[in-house]
Amino acid sequence: MERSLSTKVLLSLDAEAVGSLKEGVNFKKSPEDGKCYIIFKSNNDFKACKNQCKHQGGLFIKDIEDLDGMTVKCTKHNWKLNVSTMKYVNPPDSFLQDELEVSMLDDGGLQLVELSPVDPWMADPREPLELQMGEVKVTYFTHACMELQLGKRRFMFDPWLKGPAFARGWWLLHEPPADALDRLCGADLIYISHMHSDHLSYPTLKVLAERRPDVPIYVGDTSRPVFWLESQVKLTNIKVLPFGVWQNIDDHLRFMILMDGVHPEMDTCIIVDYKGHMILNTVDCTRPNGGRLPQNVDVMMSDFAGGASGFPMTFYGGKYSDSWKAEFIKNERKKLLNYKATLVKSLQPRIYCPFAGYFVEAHPSDRYIKDTNIKNSAEDLNALINKLAPAIKTWTPQPGAVLDLGLALRDPTNREAITNPPASAKIYKDSWKFDLYVNELKSAIKSDIFKHQNWIQFYYTWAGFQNYNLVVRVNGFDRNVLLFFAFLCLLIGVMRYVVLHGCLWDDLYIGFQNRISRDPDIYHHKFWKHFQAELPLCKPDWEHFQKQVVPISETGMGNNCALS
């Protein structure tokens with residue numbers, strides 16, 4: 001279906017204001033909505049963009065280190081944008097900034113105009129029908145797993161119900177309801193937002209594949225397939241959907257998947273429409289649908305916690321003292337809290353629920369990470385939303401808690417609209433099957449391929465990262481001893497498991513299976529993007545490798561490697 005572009009004037013300047021623009025970078029705020037824009041002037045030619053970093057939505061300020069007056073610096077992570085080219089220069093090889101159209105007026109003024117497709121959810125709009133008590137129920141299971149009862153159908157989101165995520169770095173904070181796996185296997189539809197293992201949980205999906213392999217599972221058509229490691233589970237009914245198109249399930253139920261504006265190769269979000277009532281789930285998207293989202297939906301849910309990367313907890317040396325980390329993390333969590341609250345206020349959903357942040361670094365050897373990696377609480381975010389937008393009803397979910405949407409819409413103050421789990425229910429996990437999963441990872445250590453020194457060259461040749469001026473030194477370490485080596489140090493069991501199975505490096509980085517030192521202290525976006533999202537879809541052919549190699553003695557083995 002062909003859709004035309006919509007245009008929106010974001011900022012207007014009269015001739016006098018245009019004449020006052022200086023050569024180089026200019027910051028201008030709209031008097032209508034207070035939003036800020038950047039205008040770059042060069043010989044009466046103009047470029048313009050929103051004052052919003054494409055990385056994680058931070059605001060830009062003038063870069064005092066830029067003597068040419070062409071770059072601005074983000075206040076969140078110090079990313080730098082050359083406004084004359086709209087290319088990010090720190091980190092290099094990362095994003096291009098989205099430009100605004102600059103329209104010159106006959107009277108000497110100008111307008112900044114945004115061109116964008118018509119919002120896809122506006123196709124075939126439906127008037128909301130009245131919901132009966134019990135007709136639409138939203139049940140929280142754990143982390144990002146929600147069950148939507150929509151009439152006679154049950155729709156499940158992102159089932160992570162057992163085992164760890166990111167190798168063995170994340171574990172479930174909440175105890176799922178006792179019947180969670182049964183309800184998953186009985187679902188009519190399952191949506192999996194992206195390939196991160198706290199959403200695409202192979203331990204959970206193995207149970208599903210054994211009991212109901214033909215259950216319909218829906219994923220977005222991302223450039224890297226969500227189920228790129230399909231060999232791990234035997235699921236037979238995975239449906240890959242285009243973005244921004246309604247998928248009609250029956251006369252009353254439809255949904256559409258949208259891509260993330262920052263990570264279109266991976267992240268997605270979803271809008272569910274039942275009888276004209278919309279539920280928006282932005283999941284982990286940094287800028288869901290490029291920042292264009294429906295307003296006044298009935299339910300909105302999103303992540304909230306932060307703490308989902310190895311930076312800066314696993315960094316050491318240079319400025320990365322414990323006090324620096326603590327201050328950085330405190331500021332980052334505060335910024336995230338304010339961003340989420342502001343986003344919710346701007347969208348004005350009837351009901352908001354923070355989720356997809358209930359994980360814990362539970363393994364005993366991760367005690368330092370757990371103590372350092374402070375996360376936002378759902379209660380604090382909801383309290384801030386209640387302060388900024390008191391008309392929005394907020395819900396802090398517990399495992400097994402149920403929101404009856406019909407009751408909540410009829411009377412937001414009705415206490416019966418939310419059914420909490422019984423007082424005897426177990427809310428937080430206090431034990432995890434560490435050995436079961438950690439032993440599987442450790443089993444990779446003794447793989448025969450590591451008896452041959454040239455596994456290193458074979459692996460990095462397979463990985464395909466090249467033509468980049470970077471040297472990475474990789475060392476293995478025993479986490480119980482915590483020996484720190486220069487550059488990139490990895491938990492040897494997890495490292496070898498990742499190498500053996502051709503896994504993405506998120507298991508190493510987001511899973512905190514590393515200790516990192518950088519000299520110079522530069523974030524190489526191209527390197528990390530490749531190893532976290534662009535590795536080959538097929539794992540290394542170690543069988544072919546072993547036919548080609550000559551064994552070396554155990555004394556010649558090493559875990560060190562360098563690539564350039």
Side-chain angles (χ1 to χ4, degrees), residues 142-145 158-174 192-206 224 226-229 232-233 263 265-267 283-284 286 303 305-315 329 355-375 429 432-444 474 476-477 479 488-516 528-535 539:
T142 185
H143 192 57
C145 185
D158 285 334
W160 174 26
L161 300 173
K162 62 180 300 182
F166 300 110
R168 31 75 80 233
W170 292 25
W171 303 81
L172 288 169
L173 177 68
H174 286 152
I192 295 180
S193 59
H194 62 293
M195 61 188 176
H196 280 164
S197 52
D198 57 323
H199 300 263
L200 182 73
S201 167
Y202 282 110
T204 305
L205 294 178
K206 285 178 181 177
R224 186 175 191 91
V226 173
F227 278 87
W228 67 281
L229 280 177
Q232 288 201 20
V233 291
H263 298 291
E265 78 284 352
M266 181 175 62
D267 277 349
V283 204
D284 287 355
T286 304
D303 65 335
S309 80
F311 184 84
M313 286 77 62
T314 63
F315 283 64
I329 292 169
F355 82 148
Y358 301 104
F359 69 92
V360 61
E361 302 88 347
H363 195 276
S365 65
D366 280 328
R367 182 60 183 267
Y368 169 76
I369 301 294
K370 180 181 177 182
D371 291 344
T372 304
N373 191 26
I374 305 302
K375 292 172 276 291
K429 292 184 72 69
W432 298 264
K433 296 180 179 179
F434 294 132
D435 290 344
L436 175 64
Y437 298 100
V438 173
N439 287 342
E440 180 183 358
L441 296 169
K442 286 182 177 179
S443 66
V474 181
F477 72 94
R479 196 171 205 128
L488 181 60
C489 306
L490 303 169
L491 183 61
I492 188 171
V494 180
M495 179 182 73
R496 290 193 171 184
Y497 186 90
V498 166
V499 167
L500 192 63
H501 296 280
C503 300
L504 299 174
W505 280 27
D506 281 329
D507 284 344
L508 305 176
Y509 188 66
I510 300 179
F512 316 116
Q513 324 297 333
N514 62 79
R515 296 294 180 266
I516 299 176
W528 284 108
K529 183 181 179 184
H530 183 90
F531 282 91
Q532 290 183 285
E534 297 176 356
L535 289 178
K539 70 178 187 179

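The structure displayed is predicted, hence computed values, not measured ones.
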Does the pair F434 and W171 meet the rule for a ring-ring contact (aromatic ring centres under 6.0 Å, His included), with working shown?
-> CA-CA 9 Å; F434 294 132; W171 303 81; 4.8 Å; yes

Run the side chain to side chain contact (heavy atoms under 4.5 Å, CB included) check on H196 and W160 step by step: do they pass?
-> CA-CA 11 Å; H196 280 164; W160 174 26; over 6 Å; no

Could you check N514 against W505 for side chain to side chain contact (heavy atoms under 4.5 Å, CB included), going step by step and ending with a plain yes or no?
-> CA-CA 10 Å; N514 62 79; W505 280 27; over 6 Å; no

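Interatomic distance, CZ of F355 versus CG of D303, reported as 8.0 Å (0.5 Å rounding). The distance from atom CG of D366 to atom CE of M313, rounded to the nearest 0.5 Å, is 10.5 Å. For the atom pair CG (L508) and CE (M495), the distance works out to 8.5 Å, reported to the nearest 0.5 Å. Atom OG1 of T314 and atom CD of Q513 lie 10.0 Å apart (nearest 0.5 Å). L205 CG to F227 CZ: the interatomic distance, rounded to the nearest 0.5 Å, is 5.0 Å.
Taking 4.5 Å as the limit, some side-chain heavy atom of H530 sits within range of a side-chain heavy atom of L535. Between C145 and H174, the closest side-chain pair of non-hydrogen atoms is not below 4.5 Å. Between V360 and W432, the closest side-chain pair of non-hydrogen atoms falls below 4.5 Å. Counting only heavy atoms from C-beta outward, the side chains of K162 and Y437 approach each other to under 4.5 Å. D507 places a side-chain heavy atom less than 4.5 Å from the side chain of F166. Under the 4.5 Å side-chain criterion, counting only non-hydrogen atoms from C-beta, L504 is in contact with M195. Side-chain contact between D198 and D284: present, with at least one pair of heavy atoms (C-beta onward) separated by less than 4.5 Å.
N373 places no side-chain N or O within donor-acceptor distance of the main-chain N or O of I369, the cut-off being under 3.5 Å.
Pairs of residues two or more places apart, or lying in two chains, that qualify as salt bridge (Lys or Arg N to Asp or Glu O under 4.0 Å) and include a residue from residues 356-365 are E361-K375.
With sequence neighbours excluded, the residues forming a side chain to side chain contact (heavy atoms under 4.5 Å, CB included) with K539 are H501, listed by chain and number. For R224, there are no salt bridge (charged side-chain N to carboxylate O under 4.0 Å, His left out) partners two or more places apart in sequence or in a different chain. Partners of K529 according to the salt bridge (charged side-chain N to carboxylate O under 4.0 Å, His left out) rule, which considers only residues two or more places apart in sequence or in another chain, are E534. Looking at residues two or more places apart in sequence or on another chain, you find a side chain to side chain contact (heavy atoms under 4.5 Å, CB included) between A444 and R496, Y497, L500. Taking T142 as the reference, nothing meets the side chain to side chain donor-acceptor pair (under 3.5 Å) condition, with sequence neighbours excluded.
Here the closest non-hydrogen pair linking W170 and I510 is NE1-O, 3.2 Å. Closest approach of I192 to H199, counting heavy atoms only: CG2-O, 3.9 Å. The two residues S193 and V283 have their closest heavy-atom pair at OG-CG1, 3.3 Å. Of all the heavy atoms in A144 and A356, the pair that sits closest is CB-CB, 3.7 Å. Closest heavy-atom contact between P159 and S201: O-CB, 3.6 Å.
Around atom NZ of K370, no more than 12 heavy atoms belonging to other residues, nucleotides or ligands sit under 6.0 Å away.
Applying the ring pair (Phe, Tyr, Trp, His ring centres under 6.0 Å) test between Y509 and each of F531, F311, W528 identifies W528 as the sole match.
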